[in-house]
Amino acid sequence: MSDFLWGVSTSAFQIEGAFNEGGRGPSVWDEFTPVHEGHDASVACDHYHRWREDVALMTQLGVNAYRFSIAWPRIQPSGKGPVNAEGLDFYDRLVDALVEVGIAPVATLYHWDTPLELEAEGGWLNRDIADRFADYTALVADRLADRVKLWIPINEPAMVTLQGYAIGEHAPGKTLLFDALPTAHHLNLAHGRAVEVLRSFNAQAVGTANNHTPAWPATPNDVAAAEAYSEIHNWLYADPLLSGRYPDAVADLLPVQDGDLQVIHQPLDFYGVNYYNPTRLKSPSEGNPLPFELVEIDEYPRTGFGWPVVPSGLSEMITTLRERYPNLPPVHVTESGCSFPDEIADADRISFLDGHLKAALEAGVSGYFVWSLLDNFEWEAGYSQRFGLVQVDYETQRRTPRDSFHWYRKVISGE
C-alpha cells in the first residue's frame, strides 16, 4: 500500500477565520445567521495565521496527503474579475510547505463559500456562475497546478442544493424544494468546466468529492420512496459525471442545454466518496410535497450529532457505485469522521474510524481522508460539534492531539 493516500481533510471557511484580512471578500456563509447560539467563523481555528503549526501537526501525524479547500472569496473577493494576489499567495505558501514535508496537496476549489456578490446575482440558480467558476479555476490552476497532486472542483454539490436551496438549513437559506433543482445542474456544469480548465493546465489528477448515503426503505412498501431519495441525493450528481445522463425522474426538471452533458461527463482520475451514515425512508404522509419521508435509524450507536454509526454502509455504497458504473475510477474516501463530546480520550471516535477504515480497505479504496484534522466551525451547528483528531481550545487556539490522533498515526505507520 505504498501508494495509498493516508489523509485528513478540512475546509477553508471552517478553519481559516481572518474574514477581513488578506483582501478576502465576504461569502454567503458570512451573512448566514441561523447558526447555533449565534456562533460565527470569523476566527474559527485561526488557521490563516497558524497554518505552519497545523502543517507541523500533520507531519507528526504521518499523513501523506492533506485535503484542504481554497476560499473563492480570497482569490476573487466578488467572485469575478482579477486575482487577489495576497489571497493566492496564502495558498501558494501552504502548498509549498506541504510539498516540502512530503504531504501531497489535495485542493478542493469550492467548499460552499460562494462569494456574496455572486449569490446576490442568483448564486447557483444562475447558469452564469459556471463560467465564473471556470475563470476562478484558471486563476488558481495557473499558480498551483504544478504542485497540487489531486484536484476536487466541488465538494458535496448535493448538500448545496438540498440544504442550501431546497430546505434552507445551510446558506443561502432558501426553501425552494424542487425549484432548487436547477442548482444541481449548474453545480455539475461548473464541475465540468473546471475539469476542462484543470486539464488545460496539465493538472496531475482530477476527481470529485460527492456525499453518498445508502437509501434504505423502512418497509418493503417503501422501496419507491428510497429510490426517489437516492435519485436526488446520489444519482443526480454521480450519473451525469460518470454516465453522461441524468436520472429519468428528474431529467425534465433540469435546465440542460445542448452540449452540457458532454462538458459534465469527462474522464476522472479518481472518484471521491464522502460518507457519514445511511438514510432510511418511507412513503410520504398526506400533505408532504416530497416523495419520501426520513425515518430514524435507531438500532445502531450514534455520534454526538445523532448520526447512526454504520461502517457497513460505506462498503455498501462503494459496492453500489461499482455496480452502477462499471468504469468507476479508483475510489478515495475523501471524508469520513464523527463528532463526539470534547474529550482527549476519545475512544468512541477511535471505534468509529477503525470500523470505517476497515470497511473502506475491504472495499478496495485507494485513499482515506479523516474528517477532520481539527475541531472546527460546523456550519449551522457552530462550535457545538467536534470532529477533530486535534482538539482546539477556541479561546486560546491551543491545539491538543486526541487519542484518536495517536491511534491514526500508529495505523499509518503500521505499528
Side-chain angles (χ1 to χ4, degrees), residues 27-29 31-32 72 76 78-80 108-137 152-197 208-213 215 227-266 274 288-292 379:
S27 88
V28 65
W29 270 96
E31 301 290 313
F32 189 68
W72 191 350
Q76 291 177 301
S78 67
K80 60 183 86 169
T108 302
L109 285 166
Y110 176 74
H111 199 130
W112 305 356
D113 46 356
T114 309
L116 192 60
E117 188 170 318
L118 288 188
E119 185 59 44
E121 298 173 1
W124 291 104
L125 290 165
N126 183 350
R127 180 185 172 92
D128 183 64
I129 198 171
D131 292 332
R132 303 289 71 74
F133 190 70
D135 294 342
Y136 156 64
T137 300
I152 295 168
I154 293 176
N155 177 75
E156 295 189 347
M159 300 297 96
V160 178
T161 295
L162 297 176
Q163 291 181 283
Y165 288 87
I167 64 173
E169 286 184 351
H170 283 183
K174 298 187 183 298
T175 53
L176 302 175
L177 297 180
F178 279 100
D179 288 338
L181 285 177
T183 67
H185 179 60
H186 298 151
L187 284 155
N188 289 333
L189 185 61
H191 160 88
R193 293 294 311 281
V195 172
E196 292 177 332
V197 171
T208 190
N210 280 342
N211 182 285
H212 282 295
T213 178
E227 290 177 346
Y229 183 83
S230 198
E231 285 180 338
I232 291 173
H233 189 123
N234 294 314
W235 313 135
L236 178 57
Y237 308 91
D239 275 3
L241 267 64
L242 298 171
S243 298
R245 58 178 174 78
Y246 277 113
D248 292 340
V250 296
D252 292 340
L253 302 175
L254 302 169
V256 180
Q257 297 183 13
D258 289 347
D260 284 0
L261 287 169
Q262 287 79 5
V263 172
I264 297 167
H265 176 44
Q266 300 182 60
N274 293 2
N288 186 341
L290 301 176
F292 49 75
W379 308 111

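The line from CD1 of I264 to CG of N188 is 5.0 Å long, rounded to the nearest 0.5 Å. Distance check: E121 CD to D128 CG gives 7.0 Å after rounding to the nearest 0.5 Å. Remark: L118 CG to Q76 CD distance equals 8.0 Å, nearest 0.5 Å. A distance of 11.0 Å separates NE2 of H186 from CG of L181, quoted to the nearest 0.5 Å. With rounding to the nearest 0.5 Å, the separation of CZ in R127 from CD1 in I129 is 13.0 Å. Once rounded to the nearest 0.5 Å, the distance linking OG of S27 with NE2 of H111 reads 12.0 Å.
Shortest non-hydrogen contact noted between L116 and E31 is CD2-CG, 3.4 Å. In this structure, A249 and E231 approach most closely via the heavy-atom pair CB-OE1, 2.9 Å. In terms of heavy-atom proximity, P255 sits nearest to D260 at O-OD2, 4.1 Å. For the pair P247 and D239, the tightest heavy-atom approach, listed with the atom from each and the gap, is CG-OD2, 3.5 Å. In this structure, T137 and A194 approach most closely via the heavy-atom pair OG1-CB, 3.7 Å. The two residues P291 and F178 come nearest to each other via the heavy atoms CD-CZ, 3.7 Å.
You'll find the side chain of L177 reaches within 4.5 Å of the side chain of P289, heavy atoms only. The closest side-chain heavy-atom distance from L125 to L176 is below 4.5 Å.
A side-chain donor-acceptor contact under 3.5 Å links S230 and N234.
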Verdict with reasoning, T208 to Y237, per side-chain hydrogen bond (donor to acceptor under 3.5 Å, both in side chains):
CA-CA 10 Å; T208 190; Y237 308 91; over 6 Å; no
Do W379 and F32 pass the side-chain contact (heavy atoms from CB on, under 4.5 Å) test, and can you show the C-alpha distance, the side-chain angles, and the key distance before you say yes or no?
CA-CA 9 Å; W379 308 111; F32 189 68; over 6 Å; no
Quick one: do K80 and D135 satisfy salt bridge (charged side-chain N to carboxylate O under 4.0 Å, His left out)? Show the steps, please.
CA-CA 8 Å; K80 60 183 86 169; D135 294 342; over 6 Å; no
Could you give me the CA-CA distance, side-chain angles and deciding distance for N155 and N274, then say whether side-chain hydrogen bond (donor to acceptor under 3.5 Å, both in side chains) is met?
CA-CA 9 Å; N155 177 75; N274 293 2; 3.1 Å; yes
Please assess L187 against V160 for the test side-chain contact (heavy atoms from CB on, under 4.5 Å), listing each intermediate value before the final yes or no.
CA-CA 9 Å; L187 284 155; V160 178; 3.9 Å; yes
After noting the C-alpha distance and the side-chain angles of D113 and V28, does the key distance pass the side-chain contact (heavy atoms from CB on, under 4.5 Å) rule?
CA-CA 6 Å; D113 46 356; V28 65; 5.9 Å; no
Start with the C-alpha distance between L241 and H265, add both sets of side-chain angles, then the distance that settles side-chain contact (heavy atoms from CB on, under 4.5 Å), and finish with yes or no.
CA-CA 5 Å; L241 267 64; H265 176 44; over 6 Å; no
Show the numbers, then the answer: is there a ring-ring contact (aromatic ring centres under 6.0 Å, His included) between F133 and W72?
CA-CA 9 Å; F133 190 70; W72 191 350; 5.4 Å; yes
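Within 6.0 Å of CG in D248 there are 12 or fewer heavy atoms belonging to other residues, nucleotides or ligands.
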Exercise answer: donor-acceptor pairs, residues 164-172 side-chain atoms, under 3.5 Å, sequence neighbours excluded:
| from | atom 1 | to | atom 2 | distance (Å) |
| --- | --- | --- | --- | --- |
| Y165 | OH | E119 | OE1 | 2.7 |
| Y165 | OH | E119 | OE2 | 3.3 |
| Y165 | OH | W124 | N | 3.1 |
| E169 | OE1 | Q163 | NE2 | 3.2 |
| H170 | NE2 | E380 | OE1 | 2.8 |

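A donor-acceptor pair under 3.5 Å is absent between the side-chain atoms of T108 and the main chain of Y110, judged by distance alone. Checked by atom type and distance alone, the side chain of T183 pairs as donor or acceptor with a backbone atom of A180 at under 3.5 Å.
Using cut-offs of 30° and 60° on the angle between ring planes, the pair H233 and Y229 is tilted.
Two rings, from H185 and Y246, have their centers less than 6.0 Å apart.
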